[in-house]
Trainee: 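There's a structure below that I have some questions on.
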Amino acid sequence: MPELSHRRRQLVLAICCMSLLIVSLDSTVLNVALPSMQKELHATVAGMQWTIDAYTLVLASLLMLAGSTADRIGRRKVFKTGLVLFTLGSLLCSVAPNLESLVAFRMVQAVGGSMLNPVAMSIITNTFTDPRERARAIGVWGGVVGISMAAGPVIGGLLVDSVGWRSIFWINLPVGLAALLLTWRYVPESRAPKPRRPDPVGQLLVIGLLGSLTYAIIEAPSEGWESPLILLFAALAGCSLIGLLLYEPRRAEPLIDLRFFRSAPFSGATVIAVCAFAALSGFLFLNTLYLQNVRGLSALHAGLYMLPMAALTFVCAPLSGRLVGSRGPRLPLLVAGVTMTACGLLFAVFDAETDNVLLFTGYVLFGLGFGMVNAPITNTAVSGMPRSQAGVAAAVASTSRQIGGTLGVAVIGAVLAAGVAGTGSPRGAAYAAAFVDASTPAWWILGGCGLCVLLVGALTSGRWARETARRTAERLEPKSSPAGDRTSAGSRA
């Protein structure tokens with residue numbers, strides 16, 4: 001990709017951030033709408049889990065395929081296709097007649113979403129080639145997550161209370177169409193100089209692993225952990241994992257290049273992404289149900305309650321990007337680990353839900369931690385890799401986030417469902433009385449996720465870790481490829 005002017009680079013960044021905005025906003029808005037959807041569609045806790053996990057599951061399964069396909073056939077082309085599918089999926093979700101249709105249309109959304117974030121990150125990586133400038137751009141990218149978290153609950157609450165939960169999908173339509181037109185006009189086409197070939201076997205193994213594992217976790221509370229069906233899906237997940245570990249290293253161009261994980265910072269970023277986003281999805285899932293089903297707040301008031309967390313994420317995300325650019329990822333990761341662990345302990349030990357001061361303190365701690373963690377994950381995942389592998393590396397990082405989000409909702413929802421089983425209606429007194437006790441093990445899990453961020457961040461951000469990243473990049477660098485990416489002659493100036 002040729003060097004673009006400063007103004008053009010900022011415009012490309014803004015367009016890529018628009019795609020992140022609709023994907024992130026969709027998740028935060030949806031969480032606020034869960035109780036209303038549950039009531040209208042007569043869904044169980046497991047049904048609500050599937051409205052979230054059907055999306056994140058398909059997303060996680062296809063992200064690496066989308067990243068490698070974009071490197072091969074053109075990033076702008078795949079990005080535009082993703083915008084079309086995501087916008088169409090949003091329209092279909094808004095008219096879904098029942099839970100089953102909603103879950104299916106969420107999967108259409110996810111197919112489009114899989115072509116957005118990793119491809120946009122690949123475009124950013126190849127647009128901002130200076131490490132400091134790229135770190136700042138990624139900080140802005142992370143700030144968009146904060147904007148979505150700040151605006152999502154309030155916008156979602158307003159829409160749910162005034163128009164109904166279906167309207168939460170309408171906000172994706174104008175943003176998606178605007179991003180599509182701007183991409184066509186201003187984003188240059190680019191490809192990797194040595195694109196990777198498709199890996200259908202690896203793709204099927206990834207789908208088998210993630211799909212069977214998620215199904216087993218979500219359905220186990222109702223089917224029973226020793227149910228033959230649950231054991232079958234657990235075995236399928238195990239076999240798929242073994243198949244990936246045995247098959248992928250034998251391919252010249254695998255879907256998942258396991259050599260990436262020889263880089264300690266990259267491996268650390270992957271683990272941290274899973275833990276941080278598991279904590280985020282579990283946190284939003286728990287608090288949305290608690291504030292509306294137990295405290296009886298409206299969707300708007302529940303969204304306003306969570307504003308302290310969203311505001312801290314919004315403020316800290318760009319700050320984290322600047323810290324990564326000037327001092328490296330270590331400090332933001334340590335701050336994130338400490339504050340997210342403290343939040344989990346506050347709820348698990350002191351029942352912070354029952355006291356407003358402790359509740360808001362926990363929200364502030366979590367917002368601070370999550371705001372700090374996103375920029376170092378993204379920057380670490382892509383900065384040590386050759387630019388020719390940017391799409392795949394970004395896709396692995398994005399996949400890790402979605403796996404974390406999927407597992408967070410699945411595990412936390414399963415723990416909660418087991419604790420409130422047999423208590424009747426979500427609006428009933430028995431359910432409310434059991435909720436805090438049922439959520440305590442979930443808060444211990446979320447605190448454990450924060451502790452993992454702290455320990456892995458400390459271990460994989462030192463001098464030894466950077467040396468492993470340098471050696472890995474040398475092994476991955478193509479031996480006989482032209483410098484830089486190719487840019488199509490038809491790209492618009």
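Keep in mind that the numbers below use all heavy atoms, side chains included, and drop hydrogens, waters and symmetry copies.
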Trainee: Do N287 and Y363 have side chains that approach each other closer than 4.5 Å (heavy atoms only, starting at C-beta)?
Mentor: yes
Trainee: Would you compute the distance between atom OG1 of T361 and atom CZ of F350 and round it to the nearest 0.5 angstrom?
Mentor: 11.5 Å
Trainee: Is it true that the side chains of S101 and N98 contain a donor and an acceptor less than 3.5 Å apart?
Mentor: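 Indeed, the side chains of S101 and N98 share at least one donor-acceptor pair under 3.5 Å.
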Trainee: Kindly indicate, with the supporting measurements, whether the criterion side-chain contact (heavy atoms from CB on, under 4.5 Å) is fulfilled by T214 and Q49.
Mentor: CA-CA 10 Å; T214 304; Q49 288 173 274; over 6 Å; no
Trainee: So which pairs with a foot in residues 17-42 pass ring pair (Phe, Tyr, Trp, His ring centres under 6.0 Å), sequence neighbours left out?
Mentor: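 Matches after skipping sequence neighbours: none remain.
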Trainee: Below 4.5 Å, heavy atoms only, C-beta onward: do L241 and L213 meet side chain to side chain?
Mentor: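 SC-SC contact between L241 and L213 ruled out.
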Trainee: So which atom in L83 and which in I22 form the shortest heavy-atom distance, rounded to 0.1 Å?
Mentor: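 So the two residues come closest at CD2-CD1, 4.3 Å.
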Trainee: Keeping the roles fixed (side chain from D351, backbone from T354), state whether a donor-acceptor pair exists under 3.5 Å.
Mentor: no
Trainee: Do L244 and L258 have side chains that get closer than 4.5 Å, going by heavy atoms?
Mentor: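 Side chain of L244 against side chain of L258, heavy atoms only: no contact under 4.5 Å found.
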Trainee: Can any side-chain N or O of S61 pair as donor or acceptor with the backbone N or O of I207 at less than 3.5 Å?
Mentor: no
Trainee: So, R166 side chain and A96 main chain: donor-acceptor pair closer than 3.5 Å or not?
Mentor: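 A pair under 3.5 Å: yes.
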Trainee: Spell out, as yes or no, whether a donor-acceptor pair under 3.5 Å connects the side chain of S439 to the backbone of V436.
Mentor: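 Present.
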Trainee: What is the distance from atom CZ of F266 to atom CD1 of I377, rounded to the nearest 0.5 Å?
Mentor: 12.0 Å
Trainee: Please confirm whether the backbone N or O of L173 pairs with a side-chain atom of S90, one donor and one acceptor, at under 3.5 Å?
Mentor: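 Here the side-chain-to-backbone pair does not exist.
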Trainee: Does any non-hydrogen side-chain atom of F435 lie less than 4.5 Å from one of L289?
Mentor: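 Yes, close enough: below the 4.5 Å cut-off.
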Trainee: Kindly say whether T51 contributes a backbone atom to a donor-acceptor pair with the side chain of R106 at under 3.5 angstrom?
Mentor: yes
Trainee: Is the shortest heavy-atom distance from the side chain of Y215 to the side chain of W50 under 4.5 Å?
Mentor: yes
Trainee: Can you name the closest pair of heavy atoms from A458 and L334 and give their distance?
Mentor: CB-CD2, 3.7 Å
Trainee: How long is the gap from CE on M340 to CZ on F283, to the nearest 0.5 Å?
Mentor: 9.5 Å
Trainee: Any chance you could measure T339, atom OG1, to L365, atom CG, to the nearest 0.5 Å?
Mentor: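 Separation between the atoms: 6.5 Å.
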Trainee: Could you tell me the separation between the OG1 atom of T468 and the CZ atom of R262, rounded to the nearest 0.5 Å?
Mentor: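 One gets 11.5 Å once the value is rounded to the nearest 0.5 Å.
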Trainee: What are the two closest heavy atoms between F128 and R9, and how far apart are they?
Mentor: CZ-O, 3.4 Å
Trainee: Taking the side chain as C-beta and beyond, is there a heavy-atom pair between V324 and P332 under 4.5 Å?
Mentor: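 Counting from C-beta outward, V324 and P332 do come under 4.5 Å.
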Trainee: Using a 4.5 Å cut-off on heavy atoms from C-beta on, say whether the side chain of V32 contacts that of Q292.
Mentor: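 A side-chain contact under 4.5 Å exists here.
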Trainee: Are the side chain of Y290 and the backbone of E353 linked by a donor-acceptor contact shorter than 3.5 Å?
Mentor: yes
Trainee: Using the side-chain contact (heavy atoms from CB on, under 4.5 Å) criterion, which residues pair with V108? Sequence neighbours excluded.
Mentor: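 Applying side-chain contact (heavy atoms from CB on, under 4.5 Å) to V108 gives none.
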Trainee: Do L346 and L358 pass the side-chain contact (heavy atoms from CB on, under 4.5 Å) test, and can you show the C-alpha distance, the side-chain angles, and the key distance before you say yes or no?
Mentor: CA-CA 7 Å; L346 196 64; L358 292 179; 4.0 Å; yes
Trainee: Angle class for the F370/F366 ring planes (parallel below 30°, perpendicular above 60°, tilted otherwise)?
Mentor: parallel
Trainee: What heavy-atom pair brings P376 and P329 nearest, and what distance separates the two atoms?
Mentor: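 The answer is CB-CB, 3.7 Å.
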Trainee: May I ask you to decide if G457's main-chain N or O and S461's side chain share a donor-acceptor pair within less than 3.5 Å?
Mentor: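 Judged by distance alone, yes, a pair lies under 3.5 Å.
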Trainee: For a side-chain contact (heavy atoms from CB on, under 4.5 Å) check, start with the C-alpha distance between F86 and V175, then their side-chain angles and the critical distance, and finish with the verdict.
Mentor: CA-CA 11 Å; F86 188 87; V175 180; over 6 Å; no
Trainee: Do you know which two heavy atoms are closest between A33 and I168, and how far apart they sit?
Mentor: CB-CD1, 3.8 Å
Trainee: Rounded at 0.5 Å granularity, tell me how far CG in L300 sits from CD1 in I155.
Mentor: 11.5 Å
Trainee: Please list, chain by chain and in numerical order, all residues satisfying ring pair (Phe, Tyr, Trp, His ring centres under 6.0 Å) with F347, sequence neighbours excluded.
Mentor: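 With neighbours one apart ignored, the set is W443.
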Trainee: Donor-acceptor pair, Q109 side chain versus G89 backbone, under 3.5 Å?
Mentor: no
Trainee: Checking S267 side chain against A264 main chain: does a donor-acceptor pair fall under 3.5 Å?
Mentor: no
Trainee: Please walk me through it: do M306 and T288 pass side-chain contact (heavy atoms from CB on, under 4.5 Å)?
Mentor: CA-CA 9 Å; M306 287 192 284; T288 298; 3.9 Å; yes
Trainee: For a quick test of reading the model, state the closest non-hydrogen atom pair linking T341 to L451 and the distance between them.
Mentor: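 What the structure gives for the nearest pair is OG1-N, 2.8 Å.
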Trainee: Taking C-beta and beyond as the side chain, do W444 and L345 meet within less than 4.5 Å on heavy atoms?
Mentor: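 A side-chain contact under 4.5 Å exists here.
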